[in-house]
Amino acid sequence: MTKATKAQQARAAENGRRDLASEDPEQLKHYYHQMLLLRVFEERTSEMYTKAKIGGYCHLNLGEEATIVGLMAALTPDDYIFTNYREHGYVIARGADPGAVMAELFGKETGVSKGRGGSMHLFDAAKHFMGGYAIVGGQLPLATGAAYALKYQGKPGVVVCQMGDATTNIGAWHESLNLAALWKLPALFFIVNNGYGMGTTVEEGSAEPELWKKGCAFQMHGERVDGTDVLAVRDATRRLRQRAEQEGEPAIMDVISFRFRGHSVIDADRYRDAEEVKRERARQDPVLLFAQKLTEAGIVDDAWLKETADRVKREVQEAIDFADKSPDPKIEELFDFMYATPVPNTPGRAEAAAIAEQIGGGR
Amino acid sequence: MTKATKAQQARAAENGRRDLASEDPEQLKHYYHQMLLLRVFEERTSEMYTKAKIGGYCHLNLGEEATIVGLMAALTPDDYIFTNYREHGYVIARGADPGAVMAELFGKETGVSKGRGGSMHLFDAAKHFMGGYAIVGGQLPLATGAAYALKYQGKPGVVVCQMGDATTNIGAWHESLNLAALWKLPALFFIVNNGYGMGTTVEEGSAEPELWKKGCAFQMHGERVDGTDVLAVRDATRRLRQRAEQEGEPAIMDVISFRFRGHSVIDADRYRDAEEVKRERARQDPVLLFAQKLTEAGIVDDAWLKETADRVKREVQEAIDFADKSPDPKIEELFDFMYATPVPNTPGRAEAAAIAEQIGGGR
Amino acid sequence: MPVITYRQALNDTLGEELARDPNVLLMGEEIGKFQGSYRITEGLQSEFGKQRVVDTPIAEEGFVGLATGAAMLGLRPVVEIMTINFILVAIDQIVNHASKIHYMFGGQARVPLVIRTPSGGVGQLAATHSQSFENWFAYCPGLKVVAPSTPYDAKGLLRTSIRDDDPVIFIESLALYDTKGEVPQDDDYTLPIGVAEVKRQGTDITVVAYSRMTVIAMQVAQALEKEGISVEVVDLRSLRPLDRTTIIDSVKKTNRAVVIEEDWRSYGIGAEIAATIQEEAFDYLDAPVQRVAGVEVPLPYAAKLSQASKPGAQDLINAIRRALQGGKRWQK
Amino acid sequence: MPVITYRQALNDTLGEELARDPNVLLMGEEIGKFQGSYRITEGLQSEFGKQRVVDTPIAEEGFVGLATGAAMLGLRPVVEIMTINFILVAIDQIVNHASKIHYMFGGQARVPLVIRTPSGGVGQLAATHSQSFENWFAYCPGLKVVAPSTPYDAKGLLRTSIRDDDPVIFIESLALYDTKGEVPQDDDYTLPIGVAEVKRQGTDITVVAYSRMTVIAMQVAQALEKEGISVEVVDLRSLRPLDRTTIIDSVKKTNRAVVIEEDWRSYGIGAEIAATIQEEAFDYLDAPVQRVAGVEVPLPYAAKLSQASKPGAQDLINAIRRALQGGKRWQK
Ligand SMILES: Cc1ncc(C[n+]2csc(CCOP(=O)(O)OP(=O)(O)O)c2C)c(N)n1
Ligand SMILES: Cc1ncc(C[n+]2csc(CCOP(=O)(O)OP(=O)(O)O)c2C)c(N)n1
Ligand SMILES: [Mg+2]
Ligand SMILES: [Mg+2]
């Protein structure tokens, strides 16, 4: 335990910002483009919500861009990802078409979940993105099970289980991490620590506020990472990913970033001091920080930044247009996907058609 | 963490056996009498089960006598106790009439739970024994809530939450200990570590097999205690009890003892090596060990031991006779206790009487 | 009587009970500093302090069980579960523990606990956030389950629930929070648990409903009146104990019945109502009891699919017409 | 066909499926070294190893969810929950997750998961260890729920369940494990999910049952035959999907029905059966559908109280007589 702790503190330090000399400029530009894409996508998403193009609950990744892009940069196609409901950016950064993601938010047939899931329930099987889950902690046992399957079948890859800081206080956390450590599963428990579970601070929710230390109960290694530094996240993930895959040593990543807005788009964020939020947003804006670093390092200039901004603007507009033009799912298909293996005495197309007809009579 | 751990290891050592010089001989004799009472009570209970006087599931405290008597010796009348389903000895050592406990096992109206609960669900409000619970981990949130109530009402006392080793792997453990630590509740999480959850060893169930260390996830202090040493258990409990009551610092006690028989009376214990079990029983028999210590210290002699054995034999026989002679609960009272606050449209005495009548017609 | 919202009625009642009894406390996620996800507890933490209005970590099993244990020692916790979908992680504490403690221990301990939670769907909350599970709790002896449909009932039943010594599951509805109605200000106004109410007198058919569906039933009853169809509306108010007498008396008068429920049809609340009516009013029924309920799918997000899956006024009207078409038996 | 016990039929089938498909694995508490609390998995760990027959810590939510996630990646886990009472701590993973994954994500992931668990009470297991919750699962779209009553059905349905690509809740009964019956040895013998069976032909009355209650129904049917009462027994076999056609066809023939269930009466399985019959066979019913069910109490431990609370053969006989007394409507 003592040793582990020392090691962990060392790591926490080592996860500091790195210089860009050793990096491939094109890679860095790609990261920036991705981060900006997520930023603009979410800003437009919030706009679309107020325009009532999007319904239900909607949680944004604003402030989390470096965390997401850094994580995805470290993963391989073999890896699987499970997340919570704050997942738009994860699906896009993992390679899903932004149009298909926006279409899902619009509830269209062309959406990544065929319009059945919505903002909190995105899925992309081809990209090994195994779902956004809206019950706090619900994705933890599932992700642990995916890691179990990889080990059982002797397949390469690891499973990343993303969650929020407040999720470390629910029972599923304890059971999942114990099983992962006990059975040496290739899993990374990736905590997006934005300091809040809705209005509750980490300190108000967890008796051990240093979340990376909570693995001690399972002899599981943990590290704190600066979530506003795309390279820090990428490198820590790479290192721990390899350890998980090759040594069957799961780990906790406590990735710190700042939540730019309320918990969801309908949260007015009254419980936080507006001034402080403004200050922190300026201080911890991953996109801005990265733009500065890249400029200082002479990797990009204002022209490139402007051009990239325009490009992203276009890309997001295209996503919105695609979503807008896409068709709604048909009521006649209401019972499609009910069961994977057909079974008698279950409604199907005919019953759905009857409902559709009745709707004609207004429902 | 580092500091805490050192401190804990020190404690673990300090919780070693003590000499008897400083002790009141009468107290020691009382402890011995209680331990033997539990021993014989459970042996006769198992006999009564095979005679079909007792039904359902039945879990014995054999091997756990010093743990129970030591715990109860340290508690005050203000304290509350919640346990799992392996609780016969706890209720008796807390001061319930052995006759009323045996009557409950027999399912009689005179039982501590009026025959409604049975072996796994004993209760004695007067003694602040707040129930045996048969869902693993179920008692943890309840006990935590009792501690919350003591603090809320500014009352003296602590709450002891007894559980087995394997119970530390379920979600309720995590949520309860986090809440207890976060809110500084006067609670002791008392683990009866008999090395097994049914057939599963501690190492097979918990990624951190040193259970007293699992509090690290909540910054909660923990200690290991020799559960075959009544004085070690008493003193450790006293110390941690006071800390919990006065400083609002909950703690974990990892109390080691050996399970003499199968998990329950119907478990043939095939998964353990019979020879080893025999050896360990001889080596870790708390009653035998204490008898030797007391004799060596010249506090008791064979005559007293014999006399105490006879007395205990009588006391348990009286308990059995009482249980035997006691009346069954009446079917006419089937719906008594349904609700604490009466409510319309709920069956009562009349409906129960109708059922009783029907039974005449054979059910 | 002043006209206030369902939300206000709940907020007032919680405040009054906190003021009345120092053993009453509120507990739940985001009920204090955040003012409550749906603002039911707005302002109460600033008024009564963090000791009486307790923000919890996300640990429903933990704090529901904690509240149960605290109730065993005499506190009277009123727990908020943000929505009924999240109650599944706490259900072991409610069903295997809170509901059994008084009976199983021979009456030695009481559990004066209230669990408030909104059930059902609104907007496009989709599969994990639009469910109804009140039938699960109504199934369990030892629990009391209420589901008020108006601000008036919400106040009367919440008061009674908080003052009751048994665990009460108090079912609310997101879609009702902004509805308005008259609410008595009288300090000891309460409503009994286990008693249904005939919310509207009628002679042609009985519509049995609870919670939000009662509002739809009342609207439909009014609309059909113009067509000369006289609908009697029975609002269950309590799902456990179930007031069968009020239902049966109504059906014996109207000879026809429809039950409308927001939950899934198979094994839902309506099944028990229909089964009860055919058991106790068989000879009075001129047509089968019709059920209007949610379509049996994990509620899809897409607006059209979501709408198509939820029971509405038109579905009720169609069911009423079906029931009225069912001719008198002896004419067959 | 050889005659074996229900337990043996399950044990054989699990072994055969483990041998047939390397992606099939068993998971649960004490199923390996301990040989299973009720010896259903006896010998399987020594035969197939610890990788295929996995002993878990006490963490139902964790390993049920783990099995669900593993199923999403192509494994076919068969999980044992020691008794259905303990499933409450895992129910969020089953209902909020496993049951929704295929539909909610537009068919992109399958969950070939089986959860086996004994329901109901036996002996004096008391309030926390004698419950029935199959109605809760039968309520949930996305789940399939089966409840075999004989060794024959147990084998056929378990095979189908393991080979099915959806989450199946497989309901067993402690009191059935030692019952015996003929079981086909044929390798591809399976039974369809969602289809009920007329276990006994009769003309005077239909008794609808499932799991252990079917055994009682068959005994009662035989006993009443001597009195010249011809009882038809419909064994539901599956609770979701529910085979309404088989039930209705039978009632249209007999004009009378009784449903017997071990669960609590209000909001139990029988409510849906009774509601369905009156909906779809109203004009054929000569008497109200009778329900025989568990008495609504947290099951007391005391032998007499416990016995008095459980449904039995005599209760069924009484209900059948009540139903037969219900005269033909048009004679009234
Ligand atoms: C079991 C459960 N309880 C409560 C909720 C309501 N809820 C949704 S998100 C949330 C806060 C989660 O905070 P955190 O884990 O830090 O993630 P973040 O939203 O900050 O990214 C809560 C309480 C839920 N969805 N599930
Ligand atoms: C939630 C739950 N899962 C499983 C069981 C079945 N069960 C009863 S006792 C037990 C083992 C508990 O072991 P431990 O906590 O070490 O206590 P011990 O019996 O050894 O005293 C199990 C698995 C249960 N009662 N509840
Ligand atoms: Mg957070
Ligand atoms: Mg143990």
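Per chain, numbering begins at 1; letters A, B, ... match sequence-line order. Note that these values count all heavy atoms, side chains included, but never hydrogens, waters or copies made by symmetry.
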Student: Ignoring hydrogens and angles, tell me if any N or O in the side chain of C:Tyr301 forms a donor-acceptor pair with the backbone of A:Gly55 under 3.5 Å.
Tutor: yes
Student: Who wins among A:Asn169, A:Ile266, A:Thr167 for the most heavy-atom pairs under 4.5 Å with chain C?
Tutor: A:Asn169
Student: Walk me through whether C:Glu29 and A:Val136 qualify under side-chain contact (heavy atoms from CB on, under 4.5 Å).
Tutor: CA-CA 12 Å; C:Glu29 290 158 10; A:Val136 164; over 6 Å; no
Student: For C:His129 and A:Tyr57, take the angle between the two ring planes, folded into 0 to 90°, and tell me which bin it lands in: parallel under 30, tilted 30 to 60, perpendicular over 60.
Tutor: perpendicular
Student: Between C:Glu61 and A:Gly171, is there a donor-acceptor pair closer than 3.5 Å when you use the side chain of the first and the backbone of the second?
Tutor: no
Student: Identify which part of C:Glu296 has an atom lying under 4.5 Å from any heavy atom of chain A, answering side chain, backbone, both or neither.
Tutor: backbone
Student: Name the region of A:Asp269, side chain, backbone, both or neither, that has any atom closer than 4.5 Å to a heavy atom of chain C.
Tutor: neither
Student: Side chain, backbone, both or neither: which part of A:Ile54 has a non-hydrogen atom closer than 4.5 Å to chain C?
Tutor: both
Student: Counting heavy-atom pairs closer than 4.5 Å to chain C, which one of A:Ala268, A:Pro347, A:Ala166 comes out on top?
Tutor: A:Ala166
Student: Under 4.5 Å heavy-atom distance to chain C, tell me which part of A:Phe337 shows up: side chain, backbone, both or neither.
Tutor: neither
Student: Given heavy-atom pairs under 4.5 angstrom as the criterion, report whether the side chain, backbone, both or neither of A:Lys108 touches chain C.
Tutor: neither
Student: If you round to the nearest 0.5 Å, how far is CD of C:Gln124 from OG of A:Ser119?
Tutor: 11.0 Å
Student: What heavy-atom pair brings A:Gly107 and C:Ala302 nearest, and what distance separates the two atoms?
Tutor: O-CB, 3.4 Å
Student: Would you mind reporting whether A:Lys330 and C:Leu305 have side-chain heavy atoms less than 4.5 Å apart?
Tutor: no
Student: Measuring from atom CD1 of A:Ile355 to atom CD of C:Gln307, what distance do you get when rounded to the nearest 0.5 angstrom?
Tutor: 13.0 Å
Student: Can you tell if the side chain of A:Met338 reaches within under 4.5 Å of the side chain of C:Pro298, non-hydrogen atoms only?
Tutor: yes
Student: Would you check if C:Pro57 and A:Thr200 make a side-chain contact, meaning some heavy-atom pair closer than 4.5 Å?
Tutor: no
Student: Picking from A:Phe106, A:Tyr271, A:Tyr85, A:Trp173, which has the most non-hydrogen pairs under 4.5 angstrom with chain C?
Tutor: A:Tyr271
Student: Would you give the length of the straight line joining atom OG1 of C:Thr128 to atom CD1 of A:Ile135, rounded to the nearest 0.5 angstrom?
Tutor: 5.0 Å
Student: Which answer fits A:Asp328, side chain, backbone, both or neither, if we ask what part of it has an atom under 4.5 Å from a heavy atom of chain C?
Tutor: side chain
Student: Would you mind checking which part of A:Met198 comes under 4.5 Å of any heavy atom in chain C, side chain (CB onward), backbone (N, CA, C, O), both or neither?
Tutor: both
Student: Could you tell me which of A:Glu351, A:Glu204, A:His263, A:Arg270 has the largest number of non-hydrogen atom pairs under 4.5 Å with chain C?
Tutor: A:Glu204
Student: Hey, are the side chains of A:Ile170 and C:Glu60 touching, using non-hydrogen atoms and a 4.5 Å cut-off?
Tutor: yes
